[in-house]
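Computed over heavy atoms, backbone and side chain alike; hydrogens, waters and symmetry mates excluded. Labels below follow one simple rule: chain letters A, B, ... track the order of the sequence lines, proteins then strands, and each chain is numbered from 1.
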There are 2 protein chains.
Amino acid sequence: MPKIVDHEARRRHLAEAVQRLIDAKGMDGVSLREVAAAAGVSMGLVQHYFATKDELLLAALRHLNTRISLRVAAAPQDSPRALLRAGILELLPLDDERRFEARVGLAFLARSVVDAPTAELYRTGLPYVLAFYAGRLAAAQAAGEIPAALDPAHEATVLFAFAQGLVHPALIGHYSPDEVVNAVDRHLARLFAPA
Amino acid sequence: MPKIVDHEARRRHLAEAVQRLIDAKGMDGVSLREVAAAAGVSMGLVQHYFATKDELLLAALRHLNTRISLRVAAAPQDSPRALLRAGILELLPLDDERRFEARVGLAFLARSVVDAPTAELYRTGLPYVLAFYAGRLAAAQAAGEIPAALDPAHEATVLFAFAQGLVHPALIGHYSPDEVVNAVDRHLARLFAPA
DNA sequence: TCCTTCACAATGCACTCGCATGGTAAACAG
DNA sequence: CTGTTTACCATGCGAGTGCATTGTGAAGGA
């Protein structure tokens, strides 16, 4: 047996280099050579771990998704409302880290329109995201914090779409982070208003 | 004076070819050669009307914006509510034409993250779009169709972000056109509910 | 010791890219 | 007619692309 290497660590390292490149130059600023340079490795290594560029990009997207998911999962589980709020704010470019993720994420969103495997990733992931929101909404409903007449699934759709729709205006500077948080809080306040 | 040519017509023709290419292959599927081929002209002509590729892409985005704006402006001016609804549905991929526009628009949205001139276009355009929604909401308020306690500017933000957030899930097939329309109508119905 | 296997590295290839260059044809002014 | 201006076309260049190929060194099993 030859050298022992942590494959997953290498792949993560490369995926992060890809994300940094997308953040800096956009999706078409990503070339195998630049990825290798950004990761501080040779181009041969990149090819060793990813057979094609498509695989590399897909891995970068998966890595992004798991990072965000982990952060949401690590949010304090206090009240359904707080968890819901945290789950929304994690998607919005409120600080450097989330701004980075939002920029990269938007590039992949656009890619998914013309790349079937990328679209498939979103298509399978979306139900889980919506179920998360709907679940918190239903829990709040059970606790009597939200009118029972509301449909959690529909409210989850509105909430998620609303949050997603805030991303781009925030990225180009139309809304400040404070304005984004305020907009979200006003929306939540209305949901959690007494019937 | 040499040959007389309709410059704007030529530029529009090229801009539409660019949009078709973006729809088919995404933003990085656009090359000067392919644009020329898609437009049925020589590559030299493309260069004659656009000094750089960036200019060409920017023209394609402007052309897209004016097309959508014209359609919204042509909507029946019945009630504020109907106009508001029409103004939202025009942005959503409910039929082939709007689906085409949404796909192209999303590509430019992603580009605006890394291309300053593109971002500038969105940044200057957004206030007008939001003002359109806020204006219709205020009119409905004046007519007593919407609770006076609501803030038109905030509701415009929510409405527009919500609509924008529906675009991508609809594009990848998570929501059918009917589901999209229903979601919008449910949101509107709540706004227009008696206080 | 040999030999296989894995982990890379280096190079080369065929292709595409945006753009610059240089030419030609047509239309009108003089 | 000549000259100038505009509208194009064809070609070429240098740079960069993804990927295939080949080579090399190290780590263990037999």
Side-chain angles (χ1 to χ4, degrees), chain A residues 1-61 107-108 110-111 114-118, chain B residues 1-61 107-108 110-111 114-118:
Chain A
M1 283 291 171
K3 268 197 278 186
I4 299 166
V5 192
D6 185 340
H7 273 238
E8 280 318 302
R10 287 259 199 271
R11 292 169 64 93
R12 253 176 310 175
H13 182 62
L14 291 175
E16 281 163 16
V18 170
Q19 293 174 7
R20 266 177 276 133
L21 271 178
I22 295 178
D23 173 58
K25 312 196 201 178
M27 187 66 76
D28 39 339
V30 178
S31 75
L32 298 191
R33 282 160 239 267
E34 298 240 29
V35 170
V41 301
S42 80
M43 199 183 138
L45 186 141
V46 179
Q47 292 194 83
H48 184 67
Y49 285 98
F50 295 100
T52 68
K53 187 183 176 182
D54 281 356
E55 272 187 36
L56 174 62
L57 291 176
L58 224 44
L61 173 55
F108 277 111
R111 180 176 162 83
V114 285
D115 183 70
T118 305
Chain B
M1 284 286 173
K3 267 198 278 187
I4 301 166
V5 191
D6 186 339
H7 273 238
E8 280 319 301
R10 288 257 199 270
R11 292 169 64 92
R12 254 176 303 162
H13 182 62
L14 292 174
E16 281 163 15
V18 170
Q19 293 174 7
R20 266 177 276 134
L21 270 177
I22 294 177
D23 173 57
K25 313 195 200 179
M27 187 66 74
D28 39 339
V30 178
S31 75
L32 297 190
R33 282 160 239 269
E34 298 239 31
V35 170
V41 301
S42 80
M43 200 181 138
L45 187 141
V46 179
Q47 292 195 80
H48 182 68
Y49 285 97
F50 295 99
T52 67
K53 187 184 176 182
D54 281 356
E55 273 187 35
L56 174 61
L57 291 176
L58 225 43
L61 174 55
F108 277 111
R111 179 176 163 83
V114 286
D115 183 71
T118 306

Which atom pair, heavy atoms only, marks the closest approach of B:L56 to B:L14?
CD1-CB, 4.3 Å

Considering residues at least two apart in sequence or located in another chain, which fulfil the side-chain contact (heavy atoms from CB on, under 4.5 Å) criterion with B:A59?
B:F50

Touch check for B:V30, heavy atoms < 4.0 angstrom, all strands: base, sugar-phosphate only, or nothing?
sugar-phosphate

Whole-Å distance separating the CG atom of A:D28 from the P atom of D:dT17
11 Å

Rounded to whole angstroms, how far apart are CG on B:D6 and P on D:dC8?
11 Å

Only one of B:V41, B:L21, B:L57, B:L45 clears side chain to side chain contact (heavy atoms under 4.5 Å, CB included) with B:V35; which?
B:L21

Minimum heavy-atom distance B:P117-B:L58, with the two atoms named
CB-CD2, 3.9 Å

Whole angstrom value for the distance that separates C1' of D:dG18 from CG of A:L57
12 Å

Summary of salt bridge (charged side-chain N to carboxylate O under 4.0 Å, His left out) pairs that have at least one residue in residues 32-48 of chain A, sequence neighbours excluded
A:K25-A:E34

Measuring from B:Q47:CD to B:S42:OG, what's the distance to the nearest 0.5 Å?
9.0 Å

Looking at A:H48, does any N or O in its side chain come under 4.0 Å of the phosphate oxygens OP1/OP2 on C:dC8?
no

Check whether any side-chain N or O of B:H7 sits under 4.0 Å from OP1 or OP2 of D:dT6, and answer yes or no.
no

Go through residues 31-42 of chain A and report each residue with a non-hydrogen atom lying under 4.0 Å from DNA chain C, sorted by number.
A:S42

Whole-Å distance between D:dG18 C1' and A:K53 NZ?
8 Å

What residues 12-24 of chain B contributes to the DNA chain D interface at heavy-atom separation below 4.0 Å is none

List the residues meeting side chain to side chain donor-acceptor pair (under 3.5 Å) with A:E55, not counting sequence neighbours, and say none if there are none.
none

Mind checking whether B:H7 and B:H48 have parallel, tilted or perpendicular rings, split at 30° and 60°?
tilted

So, taking the atom named CD in B:E16 and the one named CZ in B:R12, what distance separates them when rounded to the nearest 0.5 Å?
7.5 Å

Could you run down the sub-3.5 Å N/O contacts of the protein with nucleotides 20-24 of chain C?
from, atom 1, to, atom 2, distance (Å)
C:dA20, N6, B:Q47, NE2, 3.2

Quick check on C:dA7: is either OP1 or OP2 less than 4.0 Å from any side-chain nitrogen or oxygen of A:R10?
no

Per atom distances to the B:Y49 side chain, the nearest of C:dA9, C:dA7, D:dC8 is D:dC8

Which pair of heavy atoms, one from A:A39 and one from A:H13, lies closest together, and at what distance?
O-NE2, 2.9 Å

Closest heavy-atom pair and its distance - B:Q19, B:A60:
NE2-O, 3.0 Å

